[in-house]
Amino acid sequence: MPDNTVAAPAKVSAWDVALEQFDIAAEKLGLPQDMRQVLRYPKRQLVVHFPVRLDNGQIAMFSGYRVQHNIARGPAKGGIRYHPDVTLDEVKALAMWMTWKCAVVNIPYGGAKGGVVCDPKKMSHTERERLTRRYATEISVLIGPESDIPAPDVGTDAQTMAWITDTYSMHRGYSVPAVVTGKPIAIGGSEGRREATGRGVMIAAREAAKQSGLAFADATVAIQGYGNVGSVAADLLAKEGCKVIAISDSQGGTHHPNGLDLAAVARYKAANGTVVGYAEKVTNEEILELPCDILVPAALEGQITAANADRVKAKIVVEGANGPTTPGADRILWDKGVLLLPDVLANAGGVVVSYFEWVQDLQAFFWNEGEINSRLESIMVRAFRDVTAMAQKEETDLRTAAYILAVQRVAEATAIRCIYP
Ligand code: GLU
């Protein structure tokens with residue numbers, strides 16, 4: 001029976017979290033006040049409300065957003081999220097995080113994000129197609145290969161990107177593959193893009209283990225989330241020899257202290273729609289507190305907070321999700337000596353290979369998977385070293401160090417372009 005006696009903690013505002021993280025870095029950096037003001041605002045935020053015809057013939061109204069936080073370093077870049085809890089506050093935070101993420105790995109993009117308030121799991125394939133085509137049309141005033149390039153995020157996938165490519169291309173009268181990334185390979189997608197975020201998480205975890213003297217090949221790992229990030233990271237970490245002891249999806253998790261057979265978990269999930277029941281049951285809260293070496297929160301934001309951070313037992317936290325840890329939790333983990341790899345570094349593999357996909361589309365010249373993975377590897381390792389060097393120099397945690405690096409780059413671009421007019 002569900003326990004309703006414990007009130008859910010008040011949901012933290014993702015935008016407040018993003019601003020607090022920015023303010024901490026801006027202060028440490030001694031960023032001039034006027035530059036702080038410029039960077040604290042999203043440049044553009046579009047709110048759309050649109051009708052979609054459902055399979056039963058009725059029409060339902062949906063609300064969606066597209067926010068561009070900053071475009072000083074290049075076109076706006078960032079995914080589109082379909083989830084019942086999407087808000088403008090959340091999309092603004094996710095857009096700002098994209099600005100810093102692209103700057104940390106030094107790819108020539110600004111930051112954006114989109115979202116539609118809907119439950120894609122409860123919609124049919126054709127309803128999702130109609131919703132996507134209409135939303136793409138509504139935000140077509142912003143998106144384009146030179147202006148703003150969407151990609152998948154929570155609740156969207158390569159098929160969603162195919163519909164957006166087709167809709168945008170139909171309006172133009174010719175095919176424009178570079179309008180989105182994370183597309184199917186058949187229409188200009190890139191080798192390695194589907195696995196890229198999970199691969200980047202694995203690389204970040206491996207570098208962190210190396211740095212902290214942890215035997216990576218024997219490390220125990222708990223992963224919250226079984227989407228595109230969590231499931232791929234699990235497989236790639238296991239390939240490196242790590243022991244994945246727990247993994248969860250939106251319904252809960254499954255745990256075995258001796259390690260899970262991931263192929264069997266995948267078959268169980270395909271047959272039952274959830275990983276719950278495969279082995280010992282754990283909740284999505286409990287999975288964060290399991291004894292393990294490496295914890296990968298790879299679901300949604302606001303998971304590790306001041307209320308549960310002191311119960312985290314992992315030595316290393318690798319943020320596969322965007323915004324899973326609040327600033328209050330950051331301080332607790334830092335005091336406990338936990339090494340936390342921030343989202344803007346740890347999950348940047350996705351947007352790095354998105355960048356490769358966009359470059360390939362623009363040149364109509366495609367690379368093989370080996371080239372993609374080795375370029376991703378070198379960008380991730382370089383970014384990891386840049387961030388850890390900054391953390392040492394500034395005697396700070398890796399999130400603040402990553403922000404200092406990113407904010408410096410964006411501020412430099414803004415300053416050198418000067419304020420228009
Ligand atoms: N949604 C992913 C992220 O949060 C990918 C964004 C992209 O590739 O543009 O990083």
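In what follows, every heavy atom counts, from backbone to side chain, and hydrogens, waters and symmetry copies are set aside. Counting from 1, the numbers follow the sequence of the chain as shown. As the structure lists them, so they are numbered: ligands from 1, and atoms in each ligand from 1.
The nearest protein atom to atom 8 (O) of ligand 1, hydrogens excluded, is given as Ser354 OG, 2.6 Å; this is a heavy-atom distance. In terms of protein heavy atoms, atom 7 (C) of ligand 1 is closest to Ala151 CB, 3.3 Å.
Contact annotation: for Leu94 versus ligand 1, there are no heavy atoms closer than 4.0 Å. Residue contacts with ligand 1, taken as heavy atom pairs separated by less than 4.0 Å, involve Arg193 solely via side-chain atoms from C-beta onward. At a 4.0 Å heavy-atom cut-off, ligand 1 touches Lys113 through the side chain alone. Neither the backbone nor the side chain of Ala348 has any atom closer than 4.0 Å to an atom of ligand 1 (non-hydrogen atoms only).
Not a single donor-acceptor pair under 3.5 Å links the side chain of Arg193 to the backbone N or O of Lys183.
The ligand atoms of ligand 1 that sit less than 4.0 angstrom from a heavy atom of Met98 are 3 (C), 4 (O), 6 (C), 10 (O). Within ligand 1, the atoms closer than 4.0 Å to a non-hydrogen atom of Val351 are 7 (C), 8 (O), 9 (O), numbered from 1 in the order shown. Taking a cut-off of under 4.0 Å to the non-hydrogen atoms of Gly78, the atoms of ligand 1 that pass are 9 (O). Residue Lys77 approaches ligand 1 through these ligand atoms, each under 4.0 Å from one of its heavy atoms: 7 (C), 8 (O), 9 (O).
Separation of atoms CG (Leu214) and NZ (Lys315) is listed at 6.0 Å; rounding is to 0.5 Å.
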Self-check item: Candidate pair Arg133 and Asp166, rule salt bridge (charged side-chain N to carboxylate O under 4.0 Å, His left out), full reasoning
Solution: CA-CA 8 Å; Arg133 288 184 180 279; Asp166 188 66; 2.9 Å; yes

Exercise. Carefully, step by step, assess Val86 and Val116 under the rule side chain to side chain contact (heavy atoms under 4.5 Å, CB included).
Key: CA-CA 7 Å; Val86 162; Val116 177; over 6 Å; no

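Note: an N/O pair closer than 3.5 Å links Pro152 and ligand 1 by distance alone. At a 3.5 angstrom cut-off on N or O pairs, Lys101 counts as close to ligand 1.
The aromatic rings of Phe356 and Trp367 sit tilted, their planes meeting at an angle between 30° and 60°. By the 30° and 60° cut-offs, the orientation of the rings of Trp100 relative to Tyr403 is tilted.
Cation-pi geometry between Arg172 and Tyr168 is met: under 6.0 angstrom from the ring centre, within 45 degrees of the axis.
Proximity of Gly182 to ligand 1 is not established, as no heavy-atom distance is less than 4.0 Å.
No side-chain heavy atom of His69 sits under 4.5 Å from any side-chain heavy atom of Met98.
Using a 3.5 Å distance cut-off with no hydrogens or angles, the side chains of Ser250 and Lys121 do pair a donor with an acceptor.
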